[in-house]
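First the structure, in the form of structure tokens, and then the observations on it.
Here the structure is a predicted model, which is why all the values come from computation and not from measurement.
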Amino acid sequence: MLTILTRFQSRRWFVQEISRLFAQVCVRHEFIGSLLLGLKSNLAAQRKTTGIMNVSTSCALCAKPRISKKKELSEKKLTRHFVDHRNVKLLAGAGGKGACTFHSEPRKEWGGPDGGNGGDGGNIIIKVDLQVKSLAQVAPVYKGDNGDSGGSKNCYGRNASSTYIAVPVGTVVKEQGKTVSDLSQHNQEYVAVFGGAGGKGNRFFLSNENRAPMTATLGERGQERVLQLELRTMAHAGLVGFPNAGKSSLLRAISNARPAVAAYPFTTLNPHVGIVNYRDHEQVAVADIPGIICGAHLNRGLGISFLRHIERCRFLLFVLDLSSPEPWTQLQQLRYELDQYEPGLTHRPHAIVANKMDLPGARGNLEALRGHVAHRVIPVSALTGQNTEELILHLRELYDGYLQTHGQGSGQDMPTR
Ligand SMILES: Nc1nc2c(ncn2[C@@H]2O[C@H](COP(=O)(O)OP(=O)(O)OP(=O)(O)O)[C@@H](O)[C@H]2O)c(=O)[nH]1
Ligand SMILES: [Mg+2]
């Protein structure tokens, strides 16, 4: 009896001891777990603030730190990637053919027609995707899927699914030079070509007059179209100026954009959009486009084809180089070139930005310029950042003025590119 009792007690003691140990291990694990969790969140926070990334994902402590650096594309490479117009041939899918079959069953000789209809051909849809930045991915030819043929036993063929072409925000779809759709919102769709309707099976032709129709039709051919896709950058304000006037430097000074800056003309070959952030979380998009020269409308320099990128801009900022003599002539020439491209473009709300105020002779030129133009002139230096606040504030005034005249919702359609 005594041995049984001792054995029972020792077993109980053993179980108690094991559960105690288990509890301790659990507590320790929890502690280690929380420690690791804390370490992980600390590392994530550190990574966020410093941009330092760990190479190893298995052990954060042993990992070597590496500075993450996003490689910027050079302007030349960007030109290869940035495509702002494309001709595209679209051929929608054909409908599937209808079936001509008769019901067959043992002891049921005249089962009647049971051929199903064919499925419809696939449409081709042009759809806006915010992730897509240019028309480089758009192929020259698209062909939609054909619908499936109908089958016996009244089986209908499957409709083909639509083919989607992803395009950037601001794509204009044209046909023979005429605009057919303006895609300015994310996820906006334009059904460019419709697939052909599926053919009818012989069941469709069953009537009192004809109890055994042998007719079944083929599916219709899909629509065919040749369209031109044109990308027009979406921004509130557009920077217009001669090459080397400092447009890209100015965009760098007032926004988060990082276009290339160099002391030679035509550094910028593609439009760049920067976002100017305000304290009330309002954002104004500013587009920098390649420089314009005299006779650009005659295709001199880079021509004026890229002016399509400022066509949508609500207001313009004329950037003048105040270190050059008679800067008002630059303004007259810019206005002339803009009017050659689209009459009335210069009537949009605009401001004149007198850049390079840090250079000698700029002060004198500023006074002379003010004498020549009635419009507001904002003297700045993109290089030193001098007086850029006034420009940023004036940009906001133009933006607010635009919202007042066009309603609050008008600013919402501006995507950030
Ligand atoms: N001193 C001075 N130099 C400036 C200023 N702004 C721009 N620059 C210089 O002018 C040169 C041309 O500047 P960019 O910003 O590339 O000029 P851009 O108008 O974008 O020229 P394109 O892209 O060729 O049309 C660069 O060497 C800049 O450093 C300024 O305010 N003061
Ligand atoms: Mg530039």
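Taken from CG in Leu359 to OG1 in Thr384, the straight-line distance is 9.5 Å, to the nearest 0.5 Å. Here Lys89 contributes atom NZ and Arg225 contributes atom CZ; the two are 14.5 Å apart, rounded to the nearest 0.5 Å. Taken from CD1 in Ile254 to CG in Asn277, the straight-line distance is 11.0 Å, to the nearest 0.5 Å. Note that CG of Asn154 is 9.0 Å distant from CG of Asn117, once rounded to the nearest 0.5 Å. The distance from atom OH of Tyr402 to atom SG of Cys313, rounded to the nearest 0.5 Å, is 11.0 Å. Here CG of Leu320 is found 6.5 Å from CG of Leu322. Values are rounded to the nearest 0.5 Å.
Looking at Ile392 and Tyr278, their side chains come closer than 4.5 Å, going by heavy atoms from C-beta outward. Taking 4.5 Å as the limit, every side-chain heavy atom of Leu338 sits out of range of all side-chain heavy atoms of Arg335. Taking the side chain as every heavy atom from C-beta outward, Lys174 and Glu230 approach each other to under 4.5 Å. Counting heavy atoms from C-beta on, the side chains of Glu342 and Glu311 come closer than 4.5 Å. Between Leu91 and Val193, the closest side-chain pair of non-hydrogen atoms is not below 4.5 Å. Looking at Leu334 and Phe242, their side chains come closer than 4.5 Å, going by heavy atoms from C-beta outward. A heavy-atom distance below 4.5 Å is not found between the side chains of Asn187 and Val128. Two residues are said to be in side-chain contact when any heavy atoms from C-beta on lie closer than 4.5 Å; Asp400 and Leu398 fail this criterion.
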Give the table of side-chain donor-acceptor pairs shorter than 3.5 Å for residues 284-291, with sequence neighbours excluded, one pair per line with atom names and distance.
{"from": "Asp288", "atom 1": "OD2", "to": "Ser248", "atom 2": "OG", "distance (Å)": "2.7"}

Could you list the donor-acceptor pairs under 3.5 angstrom formed between side-chain atoms of residues 158-172 and any protein atom two or more places apart in sequence or on another chain?
{"from": "Asn159", "atom 1": "OD1", "to": "Asp120", "atom 2": "N", "distance (Å)": "2.8"}
{"from": "Thr171", "atom 1": "OG1", "to": "Pro168", "atom 2": "O", "distance (Å)": "2.6"}

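Within the 3.5 Å criterion, the main-chain N or O of Asp321 finds a donor-acceptor partner in the side chain of Gln330. Not a single donor-acceptor pair under 3.5 Å links the side chain of Arg86 to the backbone N or O of Ala139. The backbone N or O of Ser181 lies less than 3.5 Å from no partner atom in the side chain of Thr179, so there is not a single donor-acceptor pair. Of the possible donor and acceptor atoms, none in the side chain of Glu390 sits under 3.5 Å from a partner among the backbone N and O of Asn387. For Arg211 (side chain) and Gly112 (main-chain N/O), no donor-acceptor pair under 3.5 Å exists by modelled atom type. A donor-acceptor pair is defined here as one N or O able to donate and one able to accept, closer than 3.5 Å; no such pair exists between the side chain of Ser324 and the backbone of Pro327. Without hydrogens or angle criteria, Glu337 side chain to Ala296 main chain gives a donor-acceptor distance under 3.5 Å. Using a distance-only test at 3.5 Å, with no hydrogens or angles considered, a donor-acceptor pair links the side chain of Thr217 to the main chain of Lys200. Checking side-chain atoms of Glu220 against main-chain N and O of Gly95 turns up no donor-acceptor pair under 3.5 Å. Not a single donor-acceptor pair under 3.5 Å links the side chain of Ser255 to the backbone N or O of Arg252.
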* To do: Take Leu183 and Val173 through the test side-chain contact (heavy atoms from CB on, under 4.5 Å) and record every step on the way to the result.
  => CA-CA 8 Å; Leu183 304 167; Val173 185; 4.0 Å; yes
* Test His85 against Gln228 for side-chain contact (heavy atoms from CB on, under 4.5 Å), laying out the working first. => CA-CA 7 Å; His85 58 274; Gln228 294 90 45; over 6 Å; no
* Derivation and outcome, side-chain contact (heavy atoms from CB on, under 4.5 Å), residues His186 and Asp129 -> CA-CA 6 Å; His186 179 50; Asp129 186 346; 4.0 Å; yes
* In sequence, state the C-alpha distance, the side-chain angles, and the governing distance for Val261 and Thr267, and then conclude on side-chain contact (heavy atoms from CB on, under 4.5 Å). => CA-CA 7 Å; Val261 169; Thr267 312; 5.9 Å; no
* Test side-chain hydrogen bond (donor to acceptor under 3.5 Å, both in side chains) on Asp114 and Ser152 and set out the steps. => CA-CA 6 Å; Asp114 72 348; Ser152 60; 5.3 Å; no
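Ion pairing of Arg396 with Asp280 is present here, as a side-chain N (NZ or NE/NH1/NH2) and a carboxylate O approach within less than 4.0 Å.
Using a 3.5 Å distance cut-off with no hydrogens or angles, the side chains of Ser184 and Asp182 do not pair a donor with an acceptor. For the 3.5 Å distance criterion, the side chains of His103 and Glu105 qualify, holding a donor opposite an acceptor. Donor-acceptor pairing under 3.5 Å is lacking for the side chains of Thr215 and Asn202.
For residues 326-361, the ring pair (Phe, Tyr, Trp, His ring centres under 6.0 Å) pairs, not counting sequence neighbours, are His297-Tyr336, Phe318-His350, Trp328-His372, His350-His375.
Here the shortest heavy-atom pairing between Ala351 and Ile378 reads CB-CD1, 4.4 Å. Residues Pro379 and Leu366 come closest through the heavy atom pair CB-CD2, 3.8 Å. Closest heavy-atom contact between Leu227 and Glu175: CD2-CB, 3.8 Å. When all heavy atoms are compared, the tightest approach of Leu231 to His309 is O-CE1, 3.2 Å. When all heavy atoms of Asn355 and Ala382 are compared, the pair lying nearest together is OD1-N, 3.0 Å. Here the shortest heavy-atom pairing between Ser381 and Asp358 reads OG-OD1, 2.9 Å.
Heavy-atom neighbours of Glu189 CD from other residues, nucleotides or ligands within 6.0 Å: above the threshold of 12. The number of heavy atoms from other shown groups lying within 6.0 Å of CZ (Arg203) does not exceed 12. Atom CZ of Arg221 has 12 or fewer heavy atoms from other residues, nucleotides or ligands within 6.0 Å. Around CZ of Arg376, the count of heavy atoms belonging to other residues, nucleotides or ligands within 6.0 Å exceeds 12. A 6.0 Å sphere centred on OH of Tyr142 holds more than 12 heavy atoms belonging to other residues, nucleotides or ligands. Around NZ of Lys356, the count of heavy atoms belonging to other residues, nucleotides or ligands within 6.0 Å exceeds 12.
Ring geometry, His236 versus Phe315: the interplanar angle falls under 30°, so the pair is classed parallel (tilted spans 30 to 60°).
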